[in-house]
Amino acid sequence: MAWLDPETVRRLRSRRDRVGRLLFGDRRGFALFLVSLLFVTLYWRAGIFITDNITLRAGLEAVADGRLWIEPATGNHLSTPGTSVYNGKVYGRNYGQLFISLPVLWALQALGALTDLRVGLVTIWHLLALLLVVQCARLFDRRRIVLSVGGWLVLTSFFINVLLATPLTNVSLALLALQITAAVAAGFIAVGVYRVVELKRSARAGLLAGGAVAIAMPIGFWATIPKRHVFAALVCVEALYLFTRSRQTGGLTLPHVGTVPVYRAGAYASAGLLSWDHAAAGLFVVIALLLVDIPTARSNDARSLTFVGAVFLISLIPMFLTNILIAGDPFRPPRVLYGAGVEVPSGPTPAGGGGAPGTGGGSNGGSTGGAPLWYWGPIAVLTDVLVWSAAVIQDIWIVDKLLWLYAQADALARNGLAGLTRLEEVYHTFVHSRVTGIAEDARFRGINLAMLEVAPVLGAMVAAGAAAAIDVGRSVGNRVDETDMLAVLLVIAFVLLYNDRLPLNTTLTVRYLLPLYPLGAYLLARSPIIGRLLDDRLPTLIGAYGAGLIIGGPLLVWSLALGEFALAEAMRVHAGIGLAVGLVVALLSLAGLIDERTDHLAAIAIGIAAAVGTLFLLLSGLQYFSFVGEFILPGAGAVSEFLLGLQ
Amino acid sequence: MDAPRAIVLSAAAIMIVMALATGPAGPLTIPLLDTGQPPGTGSAAVTIVAEPGQPIIDQGRQGSDVRYLRVPDIGIEVRDLHGNPTLTYTITVPALDYSRSSIHFLGQAGEGRHAVGLTEDALGAGRLGEGPYTGRLELVLRDSQGTRTIYSASTVVEVVD
């Protein structure tokens, strides 16, 4: 860099390093981020996967035009799931997501002005791949080989992709922007899991947990489909990380103010920002945080609490503003707390089958009064006074709103608990899915998979839970780790939030509970049994993973081709394999609690389970759901055509 | 600058230059994947070399109560190909009020022998009875001279358990 003096270069480098450390923690985190991003964009398709994406795309196009409303609600107006009508205008939702995608949209427009859009995107992908090669060279300390081989591989792949390239026609830049932000968010989920596991256990465990989240769990399925679930999962992971960091690091010292707990505030701010996208989830995350944070904080002095409260309120401003601009009421988000419409995957035929439009009335406005009155003399007088003063206090706007919030949370939680008593439904959601249809479209019958079926690695949660229970049972005084506690509470929060509505239509991989996957990976990494495996049996695990991919992959593809499996049938095959492997993982890890000699087998099982997860992502992206749209990477498109041609 | 670093930097530079070259300001353009001529134009001589077997409606796997209609391929041979005529392979089952086609572009397929097929389709079990059903398989060629039915035969669709 002959045209910049060394001093400037040094300052730029140190600023870059500081930003990098803030975002990714360290070089390993950055490499993990790149792996995740590059992997999920392998099967990135430029198309509408599910009908409410149409709403989001229209919403972003409107925001880019400088307005929050999509179009006037006249005649044949947009009524895809997620739209709602206020004051004669059609509004979208997920405004948080829309606003952060706006700069990406501008960048894409700039890219289109400089390069052919397809080649530009291919180039950026390969530049990121080159960046990953450089990181690996530094991390593995084999600079020459990694750089030379890696560099040539990337260049070759680039030329192949360019030779196969065709122009991207009929592609919505808004949709691409939304997909990019979702994919980047997914990358940060992996980084977040790495950082929090690294703080609590070790960098190696962190890399494995983060890696599993990136390439072996359904986060990758939804990474290029712009829905709120990826962001909800990101917020959970960030809240967990910031909370843990706040317990381990001191705060920031500001002039005139003193030391403020910036990480602690950051955890609450994440929840606040989530509410911009999905108010109910944000509310539940805040409650989970409060339940763990306040009792276990180092100090709850006025300065800390004020700072945290202030930051939290600031993080709520975007949501309040958007709500006011749309509905006139800061507490009325565009998404009614219980969602609306039936979301349908858009199939190969042009008519994507929009479901029932409009907003279903949720259980808004719980009752805030009605305590039983005691009609006995002085008690009656006392209760009259209390009821009267309560009424006066309630009339104060802020109290009214807080009570309303409480009622909402209470109603949601009660519904969730009621849902849990329907054990059969719980079983179908978490363990073995029932074959259900989606909007009467026979093609999609049976594509909703249960959690264990799609991420068999989570089978080890059984053992982790058992180990934790034994630990607590042995000595009740055993202090449960606060981060673990928060992770468990977040799991409970999301289960309660959604459980009464599960199994739902179009959940595919239990997408509403998407945060449970990275949270589960964290809890597994914390469990001593898995820890033992990671410390002693890592080569076995990695070997089993590789074998699972290299042998199992072609085997699976070949047998699906032989049998001419249709989309839904192939998904059921994955369900079956996932269930079987998941059960084996559960059994072997339980066995590990009793006898360490089964560790060898458990490591193999978990490696294979991870391979099953990766295969699911690759095949569902490249083959089963290839009809969603054009593959951004022409090479991926070629692989997809090959796979489809085998049928 | 040592060799590996040079490789990486020049790889990056090459990629960026290529990208800019294909842009609106650059000299290169990415060719459109087309067959040169609009579909449904041109001409070809198509003969049937292998008649399709019987379509079946079967259970599908994994115990879902969805039935799948599987239509066998029809074997054809294409000669004297000019332009991009299209072949449409259709199955109709009047009793089920069902009809489905697939379209094939001969300009891409080229001359020689090909198997023309229809991917399996899912049918809701509610609409189905015992069978068997009468159906019709047709192969229609569309080219510059118009539309010509190459193959048309009634067939029996068995419901298999």
Side-chain angles (χ1 to χ4, degrees), chain A residues 111-124 126-127 130-131 133-134 137 143-155 158-159 162 164-169 348 435-437 440-446 563-573 575-576 634 644 647, chain B residues 1-34 56-73 98 100-102 108 115 117-128:
Chain A
L111 186 68
L114 288 171
T115 70
D116 173 88
L117 188 62
R118 165 91 73 180
V119 177
L121 289 172
V122 167
T123 306
I124 293 183
H126 285 85
L127 285 174
L130 215 50
L131 204 51
V133 167
V134 170
R143 205 166 156 267
R144 287 196 72 87
I145 293 198
V146 172
L147 281 183
S148 321
V149 172
W152 281 115
L153 278 176
V154 170
L155 204 55
F158 174 77
F159 278 118
V162 169
L164 291 172
T166 57
L168 273 176
T169 49
V435 177
T436 51
E440 302 313 313
D441 192 331
R443 254 172 328 174
F444 298 127
R445 206 170 166 76
E564 290 183 17
F565 281 77
L567 161 65
E569 295 176 317
M571 295 287 272
R572 298 316 304 162
V573 168
L644 289 172
Q647 294 277 338
Chain B
M1 183 182 301
D2 56 334
R5 189 191 171 93
I7 295 178
V8 168
L9 282 177
S10 40
I14 292 175
M15 297 197 293
I16 295 178
V17 166
M18 284 275 320
L20 291 173
T22 57
L28 298 177
T29 46
I30 302 296
L32 269 169
L33 178 75
D34 67 353
I56 54 168
I57 295 177
D58 71 11
Q59 270 276 13
R61 278 145 274 228
Q62 309 305 318
S64 54
D65 60 348
V66 173
R67 300 284 184 276
Y68 286 89
L69 171 65
R70 303 186 200 273
V71 179
D73 295 349
Y98 178 89
R100 188 167 143 93
S101 4
S102 65
Q108 278 176 316
L118 259 177
T119 50
E120 65 275 335
D121 193 18
L123 301 171
R127 301 162 68 181
L128 287 179

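Each chain gets a letter, A, B and so on, in the order its sequence line appears, and its residues count up from 1. All figures in this text were calculated on a predicted structure; none of them were measured in a lab.
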Heavy-atom contact with chain A under 4.5 Å, split by part of Ile7(B): side chain
Check: Thr115(A) side chain, Ala21(B) main-chain N or O, donor-acceptor pair, under 3.5 Å: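 A pair under 3.5 Å: no.
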N/O donor-acceptor pair under 3.5 Å between Arg70(B) side chain and Ile56(B) backbone: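 Side chain of Arg70(B) to backbone of Ile56(B), a donor-acceptor pair under 3.5 Å: no, none is there.
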Segment of Ala137(A) engaging chain B (4.5 angstrom heavy-atom cut-off): neither
Portion of Val134(A) that has a non-hydrogen atom of chain B nearer than 4.5 angstrom: side chain
Interatomic distance, Thr123(A) atom OG1 to Leu130(A) atom CG [nearest 0.5 angstrom]: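 CG of Leu130(A) is found 11.5 Å from OG1 of Thr123(A).
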Point-to-point distance, once rounded to the nearest 0.5 Å, from OH of Tyr68(B) to CD1 of Ile57(B):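 Here the rounded value is 13.0 Å.
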